[in-house]
Amino acid sequence: MDLHLSEAAPSTAERDAIDTAFAALAAPSPHQDRVTRSVHAGHGARSRRHLLLPVLHAVSDTVGWISEGALNHIAITLSVPPAEIYGVATFYAMFSVEPRAPRVVHVCDDVACGPYGGEEIISVLERELGPEGGGHRLGADPDAASPGGDPGAGGPASRESCWVRSPCLGLCERAPAVLHQRTGEPDLSQAPARPDDVLAATRATGEQVAADADRVFADASVSAPQSGPRGTLPGGGPLRLLRRVGVVDPGSLDDYRAHGGYQALRRAVDLGPTRVIAELKDSSLTGRGGAAFPTGVKWDGVSAAPERPHYLVCNADESEPGTFKDRVLMEGDPFALIEAMTIAGYVTGSATGYLYIRGEYPLATRRLNAAIEAARARGYLGDDVMGEGFAFDIELRRGAGAYICGEETALLESLEGFRGEPRNKPPFPAVSGLFGKPTAINNVETLYNVLEVLDIGGPSFASVGAGRSTGPKLFCLSGAVAKPGVYEVEFGTTLRELLDLAGGLRGQMRTILLGGAAGGFVMPDQLDVVLTLEGARDIGATLGSGVVLVFDTDADLTGTLRRIAAFFRDESCGQCVPCRVGTVRQEEALARLERGAPLGSRETELALLDDLARVMRDASICGLGQTAPAAVTSALQLGLLDAPPAPNGNRNGKVPH
């Protein structure tokens, strides 16, 4: 391939980061001791495009931004045109192709954090660090970066740190939440975050800072109030999905095995792939990511596909506002996900599994990386898993801040080194997925349920709940509830019972957003709805990703909906016109309503919102555009936007006018 490069050259730090990442990720040929770019020129190098995302991470982690020289060196290394690399790098919110401060503070101002301290943190950071996105070290030499040095050595803190507003960081139960991107040092999360602690973290140095931040999450009962040795379901039965969270040491494989770990994999091997698939079909287990597709049918399709190789992908890019259940599972019980993926690989005939985790989950990423290494060292991953004659291994890939990559085909595009833009379907991934091969893609919670199916058997699993809603289910409660967190219940529990499990409400309830930003609202007279796929549908709602976000009577719902609309506007990949334009127009109309300055009458604006919703729902390529107006449509139907917002009312997340 003829690459047309600029004259920009990489710095030494950038070159070393790219070369080191490439050597670690690209497997050497049988005839050489190490990987070299010259050996992989032409078609061989182009086949390495799937390494683009981790190589971009390597540069960003080391230098703090991705320069033109770095783009050129990546282009030469992977034989990918620099313009295409630029297109990928600018697709993700966590990357920058302009010089920026080596420390970036992402402050969640979304619907669960903004009104619960997020805006206060933003006010303090704006005063101390300057305006949003400030603190740029313009013209900085990447080789001169000193991430381990004294932040004050090169001038005021504002030259070393900057802050930006962020969509949901998946820490809603601990609101408000902050993520620190730290050049040359491990990223870290703070939640609940206090302004003084956030400022202190921008100035602290060393890897111990991240370790100290991780220890704050040691008490699992904060995120999963049911968890712990005495945790039970509402009826008194034992927890299933959360049973090891807060009980086992997430860093110990021996402790995991002592609490039943790897018994499900042993049973799967004893049964064989065909009988495991039969158990899954008997269980009626459906996907827990929102689409609710039967897991047994999906695995059967991939297993039976004649084309080889097959691939397994775990979708851990949990980015729906208000959703954090997968994060809690991965942080508290990481080996269970490794075991479940190994079972899926064995059953579907996949020798390689990709675990695509959200880039904003540093603690979960660290724990999963450690779990993968431990499992590999003990023979639970590799060329001969447990001595049973089958090969399976896992590659962990970090996302970089793109909600759309939670859509399964956009995730595949991201893994392959392209912009995360959804594909047209059919063909579906089970037929033509990763690298054009049959691929099984499963959500994190779905895979944890597979362990339960193998533990108690498919028919027993199906006896809980009914129809397509069987087994245990996790819900994410946040907002105006007494004890926010992840709660495990059996399908068939009512919404009222779930709220009681969380200690009831704080204040007087106005409405509940069920299913996430792409869900709908539930009113106080609907609390006895049965939480099943069918029960939610009967009231015009959806369970979605399991979000239960409670709003009290002080909440500014117009501001809330505008923040949701701004989220979809920002996260649209821009591939199709109905979504690209519709999300912008939707946010603009809500902004005018929020300001009390409609174009024409208020009724005209509401009618416009209804028309936009119809177009996006009917003509968008993927689920993002189709569900972007769902919450707004629900609010319109329930009359939640009938009255103009009160002057100087509370806001659930601010959006610049």
Side-chain angles (χ1 to χ4, degrees), residues 13 17 21 53-66 89 92-96 100-108 113 118 121 125 129 133 135 145-149 151 157 160-171 174 176-193 197-218 223 250-251 316-319 324 326-328 330-331 334 355-372 396-403 405:
L53 186 57
V55 168
L56 288 171
H57 267 299
V59 178
S60 183
D61 291 346
T62 302
V63 181
W65 63 290
I66 303 165
Y92 298 98
M94 295 181 72
F95 294 148
S96 175
R100 69 176 179 183
R103 298 187 176 192
V104 183
V105 185
H106 300 258
V107 185
C108 178
C113 281
I121 293 172
L125 293 182
L129 302 182
S146 54
E160 295 294 326
S161 302
C162 67
W163 67 274
V164 294
R165 290 180 179 270
S166 171
C168 181
L169 293 172
L171 292 158
R174 295 172 175 263
V178 166
L179 170 71
H180 294 262
Q181 264 187 288
R182 306 163 75 233
T183 302
E185 299 175 20
D187 294 349
L188 62 91
S189 298
Q190 289 181 304
D197 293 338
V198 174
L199 282 173
T202 65
R203 302 185 177 102
T205 60
E207 295 190 2
Q208 188 60 37
V209 180
D212 292 342
D214 289 351
R215 273 195 289 274
V216 175
F217 293 83
S223 295
D317 192 46
E318 178 182 58
S319 304
F324 47 92
D326 293 350
R327 191 207 90 236
V328 171
M330 292 185 290
E331 289 177 354
L355 203 175
Y356 189 102
I357 188 169
R358 189 179 182 192
E360 294 91 339
Y361 282 177
L363 175 56
T365 299
R366 283 191 278 273
R367 289 185 173 171
L368 285 167
N369 269 323
I372 290 170
L396 186 145
R397 295 290 171 86
R398 281 190 293 158
Y403 168 77
C405 289

Quick check: do [X] and [Y] have side-chain heavy atoms less than 4.5 Å from each other?
{"X": "Val104", "Y": "Val164", "result": "yes"}
{"X": "Phe217", "Y": "Val328", "result": "no"}
{"X": "Val107", "Y": "Ser166", "result": "no"}
{"X": "Leu125", "Y": "Leu199", "result": "yes"}
{"X": "Phe95", "Y": "Leu53", "result": "yes"}
{"X": "Ile357", "Y": "Met330", "result": "yes"}

[atom1]-[atom2] distance between [X] and [Y], expressed to the nearest 0.5 angstrom:
{"X": "Ile121", "Y": "Trp163", "atom1": "CD1", "atom2": "CH2", "result": "11.5 Å"}
{"X": "Met94", "Y": "Ser60", "atom1": "CE", "atom2": "OG", "result": "7.5 Å"}
{"X": "Phe324", "Y": "Ser223", "atom1": "CZ", "atom2": "OG", "result": "7.5 Å"}
{"X": "Leu368", "Y": "Leu396", "atom1": "CG", "atom2": "CG", "result": "6.0 Å"}
{"X": "Glu318", "Y": "Glu360", "atom1": "CD", "atom2": "CD", "result": "11.0 Å"}

Ignoring hydrogens and geometry, is there a side-chain-to-backbone donor-acceptor pair from [X] to [Y] under 3.5 Å?
{"X": "Asp187", "Y": "Arg182", "result": "yes"}
{"X": "Arg103", "Y": "Thr202", "result": "yes"}
{"X": "Glu185", "Y": "Glu207", "result": "no"}
{"X": "Thr62", "Y": "Ala58", "result": "yes"}
{"X": "His57", "Y": "Gly399", "result": "yes"}
{"X": "Gln190", "Y": "Asp197", "result": "yes"}

On a heavy-atom basis, which atom in [X] and which in [Y] lie closest, and how many Å separate them?
{"X": "Val63", "Y": "Ala13", "result": "CG2-CB, 4.2 Å"}
{"X": "Ala193", "Y": "Val198", "result": "CB-CG2, 3.8 Å"}
{"X": "Leu179", "Y": "Ser189", "result": "CD1-OG, 3.9 Å"}
{"X": "Cys168", "Y": "Cys108", "result": "CA-SG, 3.7 Å"}
{"X": "Ser161", "Y": "Leu129", "result": "CB-CD1, 4.2 Å"}

Who passes salt bridge (Lys or Arg N to Asp or Glu O under 4.0 Å) against Arg367, sequence neighbours left out?
none
Salt bridge (Lys or Arg N to Asp or Glu O under 4.0 Å) involving Glu331 - partner list, sequence neighbours excluded
Arg327
For a side chain to side chain contact (heavy atoms under 4.5 Å, CB included) check, start with the C-alpha distance between Tyr92 and Cys405, then their side-chain angles and the critical distance, and finish with the verdict.
CA-CA 10 Å; Tyr92 298 98; Cys405 289; 4.1 Å; yes
Can you confirm whether the side chains of Gln181 and His106 place a donor and an acceptor under 3.5 Å from each other?
yes
Going by distance alone, is a donor N or O of one side chain under 3.5 Å from an acceptor N or O of the other, for Thr365 and Arg398?
no
In plain terms, say whether Asp317 and Arg397 are close enough for a salt bridge, that is, a side-chain N and a carboxylate O under 4.0 Å apart.
no
Results of side chain to side chain donor-acceptor pair (under 3.5 Å) for Asp212 - residues two or more places apart only
Gln208, Arg215
